[in-house]
K.L.:
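Before I ask anything, here is the structure I am working with.
Letters A, B, ... mirror the listed sequences (proteins, then strands); counts begin at 1.
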Amino acid sequence: MTAVTAPTATRAELIDLLRRMREIRIFEDIVQDWFTRAVVRGSTHLYQGQEAVAVGVTSALRVGDTTTCTYRGHGTVLAQGAPLDRSFGEILGKAGGLCGGKGGSMHLTDLSMGALGSFAIVGAHLPISAGAGWAAQLLGTGAVSATFFGDGASNIGTFHETMNLAAIWRLPVLFVLENNLYGEYSPIGTTTVNTNLSERAAGYGMPGIRVDGNDVLAVLEVARTAVRRAREGEGPTLIEAMTYRQSGHSRSDPAKYRPAGELDAWLARDPILLAEAHLRDLGVGESELTALAADVTTRVRAAADRALSWDEPSAQSRFDDVWVTS
Amino acid sequence: MTAVTAPTATRAELIDLLRRMREIRIFEDIVQDWFTRAVVRGSTHLYQGQEAVAVGVTSALRVGDTTTCTYRGHGTVLAQGAPLDRSFGEILGKAGGLCGGKGGSMHLTDLSMGALGSFAIVGAHLPISAGAGWAAQLLGTGAVSATFFGDGASNIGTFHETMNLAAIWRLPVLFVLENNLYGEYSPIGTTTVNTNLSERAAGYGMPGIRVDGNDVLAVLEVARTAVRRAREGEGPTLIEAMTYRQSGHSRSDPAKYRPAGELDAWLARDPILLAEAHLRDLGVGESELTALAADVTTRVRAAADRALSWDEPSAQSRFDDVWVTS
Amino acid sequence: MTTLLETPRLVEINYRKVIARALADELATDPTVVFLGEDVGTAGGAFTSTEGLKERFGDRVRDTPISEQAIVGTAVGAALMGLRPVAEIMFADFAGVCFDQLVNTLAKYRYTSGGQATVPVTIRMANGAGAGFGPQHSQAAENWFLNVPGLKIVVPGTVEDLYGLLRSAIRDNDPVLFFEHKNLFALKGRVPAEPDDSFLVPLGVAAVVREGSDVTVVATQQMRHRAVEAAASLAAQGISAEVIDPRTLVPFDLATVVTSLRKTSRLVVVQEGPPDGGWGATLISAVTTQHFELLDAPPVLIASDATPVPYSSQLEDAWLPAAAQITSEAARLVGY
Amino acid sequence: MTTLLETPRLVEINYRKVIARALADELATDPTVVFLGEDVGTAGGAFTSTEGLKERFGDRVRDTPISEQAIVGTAVGAALMGLRPVAEIMFADFAGVCFDQLVNTLAKYRYTSGGQATVPVTIRMANGAGAGFGPQHSQAAENWFLNVPGLKIVVPGTVEDLYGLLRSAIRDNDPVLFFEHKNLFALKGRVPAEPDDSFLVPLGVAAVVREGSDVTVVATQQMRHRAVEAAASLAAQGISAEVIDPRTLVPFDLATVVTSLRKTSRLVVVQEGPPDGGWGATLISAVTTQHFELLDAPPVLIASDATPVPYSSQLEDAWLPAAAQITSEAARLVGY
Ligand SMILES: Cc1ncc(C[n+]2csc(CCOP(=O)(O)OP(=O)(O)O)c2C)c(N)n1
Ligand SMILES: Cc1ncc(C[n+]2csc(CCOP(=O)(O)OP(=O)(O)O)c2C)c(N)n1
Ligand SMILES: [Mg+2]
Ligand SMILES: [Mg+2]
């Protein structure tokens with residue numbers, strides 16, 4: 001996990017941000033292919049198009065900080081530092097998966113990296129990050145916790161309860177609202193009147209800020225400010241990152257409900273394209289960008305192949321991990 | 001239930017408002033005495049000091065409109081028109097009580113008067129009123145529903161979910177937040193940062209207004225405006241009525257946590273005193289006010305005595321009303 | 001009504017799609033029926049089980065925010081004002097977030113008010129394991145509500161039962177929790193081409209799926225089909241198993257089970273979900289406390305493991321009771 | 001630790017107040033123990049059961065807004081980061097509003113993560129009927145969780161058990177739901193004047209409250225005391241009843257019940273709460289499926305009515321199983 005401290009990213013840092021976004025992109029493309037070809041059963045929720053949010057925010061974190069996220073969590077867990085192969089392995093339900101195959105695509109978790117988990121019940125994970133923040137506050141570790149959730153999740157009870165609790169307890173928490181314009185198949189404007197969701201923060205006496213969620217540097221800057229506040233004991237921040245879900249909600253969704261042109265407009269603002277444009281401005285040449293892309297693709301593909309080769313869990317293993325002692 | 005239409009209350013209307021507030025006051029004084037003397041087991045949550053909220057709001061309603069309220073609901077249910085004796089009877093657990101003795105002090109309900117009930121789970125009743133509003137919208141009855149809840153309840157999930165749903169569906173609902181400064185024993189400032197709770201409405205794209213909850217005319221005016229909006233299909237309003245709970249939270253609470261002088265200051269602004277002052281300005285004499293008080297006291301006492309004389313429910317009756325058909 | 005003279009024309013349809021058909025028939029029959037839930041309208045449902053309803057019934061079909069507590073409470077409030085709401089809680093596991101509304105409000109409203117109101121609300125939920133959805137999207141949540149009087153519980157196992165029971169549930173004046181098993185979505189069946197009340201299935205009446213004389217096997221939904229499979233293998237071994245599907249857990253048709261036990265004297269209950277606190281243990285308790293003398297052998301409870309539902313197909317398949325296990329346990333019991 | 005040489009000085013205390021004592025002893029012993037809930041700190045608790053803790057342990061004891069979902073989730077998150085949180089959910093009925101956090105997050109976190117974490121969270125709740133609190137504040141909510149693997153369930157019936165079990169629950173590395181019965185608040189008992197680990201009561205070990213040879217009566221909390229009362233009346237009739245209090249429902253000490261049945265061959269289970277889906281039916285199912293041959297008579301389940309808890313004292317008293325009913329049922333069974 002990179003700990004960025006300079007006010008703006010250097011060339012090297014930006015290259016690193018791009019590499020990590022590409023890693024997630026390739027990862028998700030491979031997972032999408034697996035589910036389309038029914039290599040895996042069940043459902044999956046992909047992150048293509050939102051990479052700048054997870055990469056930008058986690059880049060403002062340091063070792064010891066934590067994240068929680070949703071069933072659309074591959075990107076966040078990888079950005080937090082989970083190994084590619086064990087993440088693939090979990091989605092494949094392999095014994096070597098992050099969770100031994102018990103959790104699957106919606107539950108990638110890597111405590112060793114501070115990725116406290118992916119949760120499949122909308123809104124359920126927000127208080128988990130509040131609790132991590134409370135622990136940091138009591139233990140004086142200075143750690144910050146970031147919780148990633150969607151626009152649709154901002155209408156469920158736990159969002160309200162957790163925002164309020166975190167504010168009154170001044171917890172070191174970043175509420176990262178990934179506004180990708182849709183909750184499942186519903187445009188946000190059909191499920192709430194005031195679609196400027198960052199304005200909800202005021203009701204809790206918490207700062208709320210909207211940011212271009214496809215610009216990784218913009219996200220990074222906003223996250224740094226929020227992290228600073230949190231570490232200095234000034235409490236939580238609501239960050240609304242405006243972004244777009246390039247694929248459907250889940251495996252079974254063709255996303256027919258999208259108005260014509262919407263996807264293309266957002267593809268033109270693809271976070272990876274934007275980052276590459278930044279780098280060109282910094283004088284990075286095409287060859288370096290192509291090499292980076294090729295290198296990432298090779299590494300991610302290799303990780304996928306490793307995971308595919310792993311054993312299935314033994315049927316007996318299903319009895320493990322219910323209890324510590326019983 | 002009085003249907004007030006004039007922009008401000010006439011002398012006669014104000015006298016009626018005062019009578020209804022006094023009714024509730026005497027009712028609660030008697031209930032408090034019963035629980036103090038352990039005439040009844042269990043717990044009770046009293047409304048003395050908040051009468052202007054229930055009386056003011058329900059006076060802006062018409063026949064067919066509905067209310068829901070909390071365990072601190074005697075005042076609202078009476079203001080909505082429930083009979084005194086059957087309300088007393090329910091608190092006493094009598095067969096003749098509003099709910100046949102099955103609900104008790106926390107559950108006074110009189111559907112025939114549009115009092116959809118008193119609910120003992122904080123926040124649980126807000127969506128009930130949203131549902132009543134939805135029915136009115138679909139059936140085109142023009143009916144409005146008002147839901148009464150406390151400052152503490154504004155921190156629980158159902159508040160958030162229901163405010164948002166009512167706003168996006170433009171439901172004819174009045175959210176009546178009775179801010180009596182405490183949730184159980186916690187001053188509101190200890191459980192939320194922004195104690196101006198009416199400001200939360202903005203996040204939902206709903207008007208929010210703060211009003212002196214001890215001035216029955218002020219409450220009435222605000223309620224009329226909200227009711228007009230609702231009937232005209234413009235959707236819900238959040239009304240934050242600033243008031244004070246003159247007794248402890250429940251039977252067992254001596255309310256030691258109140259800062260010195262706070263109670264006295266609020267007693268000086270007792271809603272009944274304020275209404276009487278208004279009437280004096282309108283030229284009503286002491287004798288009339290004393291006569292009104294005496295008359296109300298006699299009627300309420302008589303209702304209490306009737307209820308005390310009623311039979312206990314038969315043990316068999318406990319099996320009734322679980323199912324319509326089974 | 002079908003008379004003896006006419007036989008209604010039947011059409012084939014699957015378990016996933018018959019949901020919209022049953023909803024449409026009730027929405028068409030009763031103008032007070034309304035339907036709300038997340039993406040149930042414009043999108044046609046997360047499982048495409050409610051397609052076409054919004055187009056046909058307009059405002060009576062409402063999409064909601066992701067707010068299950070508000071969804072259930074709104075349904076209750078609308079019911080108090082004379083509507084007959086059906087609410088969808090996508091996955092039954094999400095009943096957890098609105099459990100209070102289901103258990104403390106919906107189930108108790110009529111009782112607490114002393115019978116002042118009827119609360120004709122139907123809550124539809126996609127239930128159960130076997131499709132690889134992991135621990136938070138695969139539970140047999142009907143077992144969470146058995147200890148809560150005031151909620152009828154329906155668990156259809158066939159297309160015909162889903163159609164007939166859902167229509168009956170909507171017409172019922174008590175709250176009904178209606179569980180649709182995800183792993184039966186592809187199951188095919190036949191319903192009348194035109195709305196036809198003679199296809200309604202009453203709540204509280206079990207189905208004797210297969211008659212037999214040696215052992216009584218009671219199972220619902222996915223397990224009902226595995227029990228039928230097991231009965232076939234048992235027949236091959238010369239063992240005659242009677243398979244009973246209660247179809248509704250509350251009210252429970254104990255009489256049909258008892259009648260069967262008078263023949264077989266042997267009981268096997270197959271339940272999806274962990275063994276403790278489930279309907280299987282409840283049935284075994286009812287039989288042994290009330291009809292002890294009918295049993296010539298210990299009752300058998302075949303349930304899932306006492307663990308959450310694991311994701312990996314190897315693990316999830318092992319977690320679910322298998323037909324082979326039913327066969328061997330039943331055979332052992334007959335040999336007891 | 002108590003050695004044989006020293007006998008610790010005991011002090012009398014009631015069930016309501018021993019809660020603060022047990023919490024204080026664990027807060028003092030383990031700096032990672034933290035405690036949160038509504039009005040548990042400054043106010044000393046809605047039942048005055050946590051008085052003095054805030055003054056003594058400061059920031060480790062936190063008052064919360066009325067936000068049960070946030071309370072439970074916060075406890076889970078803190079546990080993941082190395083704390084050992086105790087959360088209070090005032091009335092057990094309110095478990096409904098945070099049911100998802102308890103059932104889908106707390107119970108499943110360890111399993112779903114493949115054992116990456118331990119989640120040592122204890123949830124304290126005031127349980128049960130008999131005090132006139134009405135349908136939404138009187139439920140025996142332990143029966144809502146039996147079908148959910150991952151939650152230990154503790155139901156102390158005496159002051160000594162509450163003290164010893166609460167301390168063990170807090171030390172346990174698995175999630176524990178801890179139910180304190182409101183109608184036992186005035187019950188008196190004795191605990192050591194100084195913190196003393198020898199008074200810890202392990203989870204999963206039943207107590208044989210009274211030895212007997214004719215019939216085994218299993219009951220918890222309020223019902224345990226009525227069973228003891230019944231046993232006395234039975235003794236007067238020359239019937240020797242053994243009374244067992246499981247004390248924890250998960251894990252359940254079936255061995256102690258089975259050992260007793262080897263003597264008595266007769267089982268009576270007394271359970272507060274409706275009969276279906278409760279621990280009573282679960283126990284009867286376990287005994288009849290696993291130890292059928294031990295029973296010389298049908299097992300008996302004495303439970304509350306299958307209705308919500310009514311308010312009026314006449315109705316509520318009738319709803320709760322009475323000692324007289326236990327006496328007559330047990331006597332009838334012995335005569336079977
Ligand atoms: C409590 C609950 N209700 C409903 C669902 C079904 N569901 C899964 S994702 C989703 C949409 C969430 O939208 P949003 O919060 O915007 O996140 P996104 O999927 O866009 O990342 C819904 C309704 C759920 N998982 N949990
Ligand atoms: C879900 C839930 N949590 C906690 C309680 C316990 N409780 C009853 S009243 C109350 C305080 C409510 O305060 P407020 O909303 O301000 O209403 P007030 O009592 O002041 O009228 C609490 C915490 C409850 N009944 N339900
Ligand atoms: Mg979204
Ligand atoms: Mg208050």
K.L.:
Identify which of D:Pro310, D:Ala70, D:Gly96, D:Pro65 forms the greatest number of heavy-atom pairs closer than 4.5 Å to chain B.
P.N.:
D:Pro65
K.L.:
Of the listed residues (D:Val309, D:Thr307, D:Ile66), which shares the most heavy-atom pairs with chain B below a 4.5 Å separation?
P.N.:
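Option with the top pair count is D:Ile66.
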K.L.:
Which class fits the ring pair B:Tyr185 and B:Tyr257: parallel under 30°, tilted 30 to 60°, perpendicular over 60°?
P.N.:
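Answer is tilted, since the angle falls between 30° and 60°.
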K.L.:
Between B:Arg258 and B:Asp253, is there a side-chain N and carboxylate O pair less than 4.0 Å apart?
P.N.:
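Salt bridge: no.
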K.L.:
Quick one: which residues of residues 270-281 of chain D reach chain B at under 4.5 angstrom, heavy atoms only?
P.N.:
none
K.L.:
Checking side-chain polar atoms at under 3.5 Å, does D:Asn127 have a donor or acceptor matched by the opposite partner on D:Glu180?
P.N.:
no
K.L.:
So what's closer than 4.5 Å to chain B heavy atoms on D:Ala306: side chain, backbone, both or neither?
P.N.:
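When you check distances to chain B, only backbone atoms of D:Ala306 fall under 4.5 Å.
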K.L.:
Exactly one of B:Arg72, B:His74, B:Gln246 should register a side chain to side chain donor-acceptor pair (under 3.5 Å) with B:Glu28. Which one does?
P.N.:
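Of the listed options, the one satisfying the test is B:His74.
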K.L.:
May I ask you to name which of B:Cys99, B:Pro313, B:Ser314, B:Ala315 has the most heavy-atom pairs under 4.5 Å with chain D?
P.N.:
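The option with the most such pairs is B:Pro313.
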K.L.:
Taking only Lys NZ, Arg NE, NH1 and NH2, and the carboxylate oxygens of Asp or Glu, determine whether B:Lys102 and B:Asp321 approach each other closer than 4.0 Å.
P.N.:
yes
K.L.:
Can you tell whether the side chains of D:Glu51 and D:Lys17 come within less than 4.0 Å, N to carboxylate O?
P.N.:
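Yes, this pair counts.
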K.L.:
Verify whether one side chain among B:Ser129 and B:Thr68 offers a donor that lies under 3.5 Å from an acceptor in the other.
P.N.:
yes
K.L.:
Run the ring-centre check on B:Tyr47 versus B:Phe148 and record whether the distance is less than 6.0 Å.
P.N.:
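No, the ring centres sit 6.0 Å or more apart.
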K.L.:
Test: salt bridge (charged side-chain N to carboxylate O under 4.0 Å, His left out). Region: residues 310-330 of chain D. Which pairs qualify, not counting sequence neighbours?
P.N.:
B:Arg41-D:Glu316, D:Glu329-D:Arg332
K.L.:
Is it the side chain or the backbone of D:Thr42 that comes within 4.5 Å of chain B heavy atoms, both, or neither?
P.N.:
neither
K.L.:
Taking side chain as everything from C-beta outward and backbone as N, CA, C, O, which of these in B:Ala153 sits under 4.5 Å from a heavy atom of chain D? Side chain, backbone, both or neither.
P.N.:
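For B:Ala153, the contact with chain D is made by the backbone alone.
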K.L.:
Please classify the contact between B:Phe319 and chain D as side chain, backbone, both or neither, with a heavy-atom cut-off of under 4.5 Å.
P.N.:
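Both backbone and side chain.
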K.L.:
Would you say the rings of B:Tyr71 and B:Phe119 are close, in the sense that their centroids are separated by under 6.0 Å?
P.N.:
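No, they do not, as the ring centres are separated by 6.0 Å or more.
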K.L.:
Does anything in residues 134-142 of chain D reach chain B? List residues with heavy atoms under 4.5 Å apart, or say none.
P.N.:
D:Gly134, D:Pro135, D:Gln136, D:His137
K.L.:
Chain D heavy atoms under 4.5 Å from B:Glu312: which part of the residue, side chain, backbone, both or neither?
P.N.:
side chain
K.L.:
Under 3.5 Å, is there a donor on one side chain and an acceptor on the other for B:Arg200 and B:Thr192?
P.N.:
yes
K.L.:
Once salt bridge (charged side-chain N to carboxylate O under 4.0 Å, His left out) is applied, what residue pairs with a partner in residues 34-44 of chain D remain, sequence neighbours excluded?
P.N.:
none
K.L.:
Parallel, tilted or perpendicular for D:Phe99 and D:Trp144, by the 30°/60° rule?
P.N.:
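Aromatic pair D:Phe99/D:Trp144 classed perpendicular.
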